[in-house]
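A short write-up of the structure that comes next.
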There are 2 protein chains.
Amino acid sequence: MKKDLTPSETQLPRYRWLADIIRDTIDRGLLTDNQALPPERELAEHYEVSRDTVRKALRYMEERGIIYSDHGRGTFVSPAIVRGTTRFIDSFSQDTGNRGGVPGQRIISIENIGASMAIATLLNIESGTPLVRVRRVRLIDDIPVGVHDAHLVLPRGSRLTRSQIERSGSLYKLLTAQYGFDPAEAVENLCAGAADADDAQWLDVPVAAPLLICERITLSDRRQPIEYCLMKYVSSYRYRTRIARHSDGTR
Amino acid sequence: MKKDLTPSETQLPRYRWLADIIRDTIDRGLLTDNQALPPERELAEHYEVSRDTVRKALRYMEERGIIYSDHGRGTFVSPAIVRGTTRFIDSFSQDTGNRGGVPGQRIISIENIGASMAIATLLNIESGTPLVRVRRVRLIDDIPVGVHDAHLVLPRGSRLTRSQIERSGSLYKLLTAQYGFDPAEAVENLCAGAADADDAQWLDVPVAAPLLICERITLSDRRQPIEYCLMKYVSSYRYRTRIARHSDGTR
DNA sequence: AAGTGGTCTAGACCACCCA
DNA sequence: GGGTGGTCTAGACCACTTC
C-alpha cells in the first residue's frame, strides 16, 4: 500500500507520509510495545528526509499517543492500552465502530427553538437565538446506550429533516457537508446522575438508575460556539480518555 | 517578572521562555478571546529568535489549549472556556485548587497485598505481585466528594505510613520524592455506577446513589504500569476534559 | 497581490543516558 | 565516550486567506 509510494505521490506532507509508514510498521506488529524505533538520524538517512522532518513525524505520532521519546535513550512504541486511546469529537459513531459495535440512532425529536438563558450563557450567545434541537437515542448493536440532546447553532433558515439525519448516519457528517458546520475543539464536563422518567423510558432502565452525564460545548474553527450537547449514558457505557503528565512547568 | 529576564537567565529553552511571555500577556488581559497574536515573523524579529523557535513556542501553547493557529489567517487566543481545561495526572489536588476549593483527604486504610487476577491483568503483571493499596476519602472544603482506591507497584520493601501521607498532602508527591515514582501517562475509563454500602458510608450519600466511576491505569516514563486506581465521585463532582478535532487522517 | 501560517532543508551544538 | 534525543539557526518555498 502507501508504503511504496513516494511522498509526492501521496498528497501528504513528507512528515505525514513518514508517520504513516511508521504507523503501518507498528500496526503490522513489526514493532511492538516499548520497542525502540531506529534513531532519528538513521530514519532521516534511510527515508531521505531531513532530521527535522523525521522529528516532525515523531512529534505528530507522539501527540496521538502512538510513540514516546526519552531524552538520551531513544524513541519507543507506546503500549497498546495507550495507543488506541485518543479521543476525538463525535466519537460516538467512530468509537463504537472501533470497539467492534454497530452504532445506531433513533431520533426522538427535531425542533426549532430559541436559546434558553442557561444555554445562551453556556454558548455565550444572545438569549433567544434560534437553535435547532435534536434529541436522539444512541444504540450499539441495536441496544440503547445513551440519549443525546443537541442544541445546534446553524445558519439562518437551515432546516433539518428526520430523513436527512437518518440517511446520513452521522449528524456531524451531515452538518459538515450541508451547513459548513466545522467542529475544531470541544470542552466536556462529566458527572454522574440519576435517570428521570424520560431517560428511563428511552434507555430501558429503571427510574433513578445511575447514568453517566456528559455535557459538551463544541467550537468551530474560529472558536465560535456551535453546539451544546447533553449526553446521558447507561452504566455499561465506557468513556475512555488519555491524559499526560503535567510535563513540568509550575502553572 | 520573568518577562524582563533574558532566556539564559531563566534556565529555560528559548521557546519556553517566549511561551511564558506570551502566556503572561494573555493572563494579564492584554490579549483576550479570539484576538490575534502578532505574526510569527514579527515575534521572531522582536524577541530576536528564529522563526522556528517562535513556532515551537506557539505549538507548545497550542497543545495546552492556550492558542490556536489557522493557516493563512493568523494565530489567536483560545476562548477562556478552553484555555483552562487541560487535564493532567493527579488532577485532584491541583484541579481542586484551581477551582478554588481546598483539597483534603481522609485515609481509610493502607495495606500490603498481592495483585488479584483482575488487577494483575489490568497492570500486565504477575498475579500475586506485591502491591500497596491505599484507600482514601477525598474532600473538597472538608466535604467528601470521592473515594480513591489506589493499587501501587512500588520497589520491594517500600513502606508507606499513614502519617507520611497525611503530612505530604499529595500521595503522588510523596511517592515521587521517596520512591522514584514517576507517572508519565495514564489511561482512564469512566462510567456511571451506584453506591454500595461502603461508598454510601464514606461519601455520606444513600445506597444506590449515582456515582461517577473512574478507573485509571498509570504508566511510568518507561511505560511500565505503576498504578491502578479506582475512583468514585458523588454526582456534584465535575470531571472536565478537552478534546480536539480528528484533524483529518482517516485512521 | 500581500500577508499569514505550513513544510522542508543542512548543519551546529547542547543535554542526557549508559556501558 | 559514543549514542540518543532536544534546541536553535537562516533561509527557501508552498498553501491558504483576504482584499
Side-chain angles (χ1 to χ4, degrees), chain A residues 6-20 22 34-63 66-78 180 182 184 220-223 245 247-249, chain B residues 6-20 22 34-63 66-78 180 182 184 220-223 245 247-249:
Chain A
T6 64
S8 33
E9 282 167 328
T10 71
Q11 298 277 59
L12 295 171
R14 295 172 97 91
Y15 78 93
R16 292 286 305 277
W17 164 79
L18 214 198
D20 281 354
I22 299 174
N34 292 313
Q35 262 193 285
L37 272 62
E40 296 175 351
R41 290 165 177 82
E42 203 174 295
L43 288 170
E45 196 183 5
H46 186 265
Y47 291 103
E48 296 177 300
V49 296
S50 72
R51 189 182 154 211
D52 229 55
T53 299
V54 170
R55 283 182 61 73
K56 236 185 193 162
L58 298 181
R59 291 301 74 76
Y60 178 81
M61 299 175 73
E62 192 170 41
E63 282 166 24
I66 303 168
I67 61 172
Y68 62 96
S69 293
D70 257 22
H71 202 151
R73 288 208 314 135
T75 301
F76 308 87
V77 178
S78 289
D182 179 25
S220 70
D221 58 340
R222 306 260 173 125
R223 285 359 180 231
R245 167 177 54 185
S247 42
D248 64 330
Chain B
T6 64
S8 34
E9 283 167 327
T10 71
Q11 298 276 60
L12 295 171
R14 295 172 96 88
Y15 78 92
R16 291 285 306 277
W17 164 80
L18 216 197
D20 282 354
I22 299 173
N34 293 313
Q35 263 193 287
L37 273 63
E40 297 176 350
R41 290 163 177 84
E42 203 174 295
L43 288 169
E45 196 185 4
H46 187 264
Y47 291 104
E48 297 177 301
V49 296
S50 72
R51 189 181 152 209
D52 231 53
T53 299
V54 170
R55 283 182 60 72
K56 237 185 194 163
L58 298 182
R59 291 300 74 76
Y60 178 82
M61 299 175 73
E62 192 171 39
E63 282 165 25
I66 302 168
I67 61 173
Y68 62 97
S69 292
D70 256 23
H71 203 151
R73 290 208 312 134
T75 301
F76 307 87
V77 178
S78 290
D182 179 24
S220 70
D221 58 340
R222 308 263 171 124
R223 286 358 181 230
R245 167 178 54 185
S247 42
D248 63 332

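Throughout, a chain's letter reflects where its sequence line sits, starting with A, and its residues are numbered from 1.
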Original post:
Of all of residues 51-58 of chain B, which get a heavy atom below 4.0 angstrom from DNA chain D, listed by number?
Top reply: B:Arg51, B:Asp52, B:Thr53, B:Lys56

**OP:** Provide, to the nearest angstrom, the distance between the CG atom belonging to A:Leu43 and the P atom belonging to D:dG3.
**Re:** 17 Å

Original post:
How many angstroms lie between atom CD1 of B:Ile67 and atom OG1 of B:Thr75, to the nearest 0.5 angstrom?
Top reply: 6.0 Å

**OP:** Take B:Glu45 and B:Arg41 through the test side-chain contact (heavy atoms from CB on, under 4.5 Å) and record every step on the way to the result.
**Re:** CA-CA 6 Å; B:Glu45 196 185 4; B:Arg41 290 163 177 84; over 6 Å; no

Original post:
Whole Å only: how far is the OH atom of B:Tyr60 from the C1' atom of D:dC8?
Top reply: 17 Å

Original post:
Is it true that atom CD of A:Gln35 has more than 12 heavy atoms of other residues, nucleotides or ligands lying nearer than 6.0 Å?
Top reply: yes

Subject >> Five-pair end axes of the helix from C:dA1-D:dT18 to C:dC18-D:dG1 and the angle they enclose, rounded to 10° >> reply: 20°

Original post:
Any N or O donor-acceptor pair linking the side chain of A:Arg41 to the base of D:dG5 at under 3.5 Å?
Top reply: yes

Subject >> Distance, rounded to the nearest Å, where B:Trp17 contributes CH2 and D:dG6 contributes P >> reply: 22 Å

**OP:** Tell me, please, whether B:Tyr68 has A:Arg223 positioned over its six-membered ring: NZ or CZ under 6.0 Å from the ring centre and within 45 degrees of its axis?
**Re:** yes

Original post:
OP1 or OP2 of D:dC8 less than 4.0 angstrom from a side-chain nitrogen or oxygen of B:Tyr15, does that happen here?
Top reply: no

Subject >> 5′-ward residue of the pair B:Glu48/A:Arg222 relative to DNA chain D >> reply: B:Glu48

Subject >> Length of the line joining B:Asp70:CG and C:dG3:C1', which is rounded to integer Å >> reply: 15 Å

Subject >> Taking every non-hydrogen atom, the tightest pair across B:Leu18 and B:Val49 >> reply: CD1-CG2, 4.3 Å

Original post:
NE2 of B:His71 versus P of C:dG5: gap in Å, rounded?
Top reply: 9 Å

Original post:
Can you check side-chain contact (heavy atoms from CB on, under 4.5 Å) on B:Ser78 and B:Glu62, steps first, answer last?
Top reply: CA-CA 9 Å; B:Ser78 290; B:Glu62 192 171 39; over 6 Å; no

Original post:
Roughly how far apart are A:Asp20 CG and A:Tyr60 OH, rounded to 0.5 Å?
Top reply: 7.0 Å

**OP:** Calculate the interatomic distance between B:Leu12 atom CG and C:dC14 atom P; express it in whole Å.
**Re:** 18 Å

**OP:** Take the protein atom CZ of B:Arg73 and the nucleotide atom C1' of D:dC16, then report the distance between them rounded to whole Å.
**Re:** 11 Å

Original post:
Any side-chain N or O of A:Arg14 under 4.0 Å from OP1/OP2 of C:dT9?
Top reply: yes

Subject >> Any A:Ser50 side-chain nitrogen or oxygen under 4.0 Å from OP1 or OP2 of C:dC8 >> reply: no

Subject >> Residues A:Leu37, A:Leu58; criterion side-chain contact (heavy atoms from CB on, under 4.5 Å); working and verdict >> reply: CA-CA 10 Å; A:Leu37 272 62; A:Leu58 298 181; 3.9 Å; yes

Subject >> A:Arg14/A:Lys56 under side-chain contact (heavy atoms from CB on, under 4.5 Å): CA gap, chis, key distance, verdict >> reply: CA-CA 9 Å; A:Arg14 295 172 97 91; A:Lys56 236 185 193 162; over 6 Å; no

**OP:** Grab the CD-C1' distance between B:Glu40 and D:dC8 for me, whole Å please.
**Re:** 16 Å

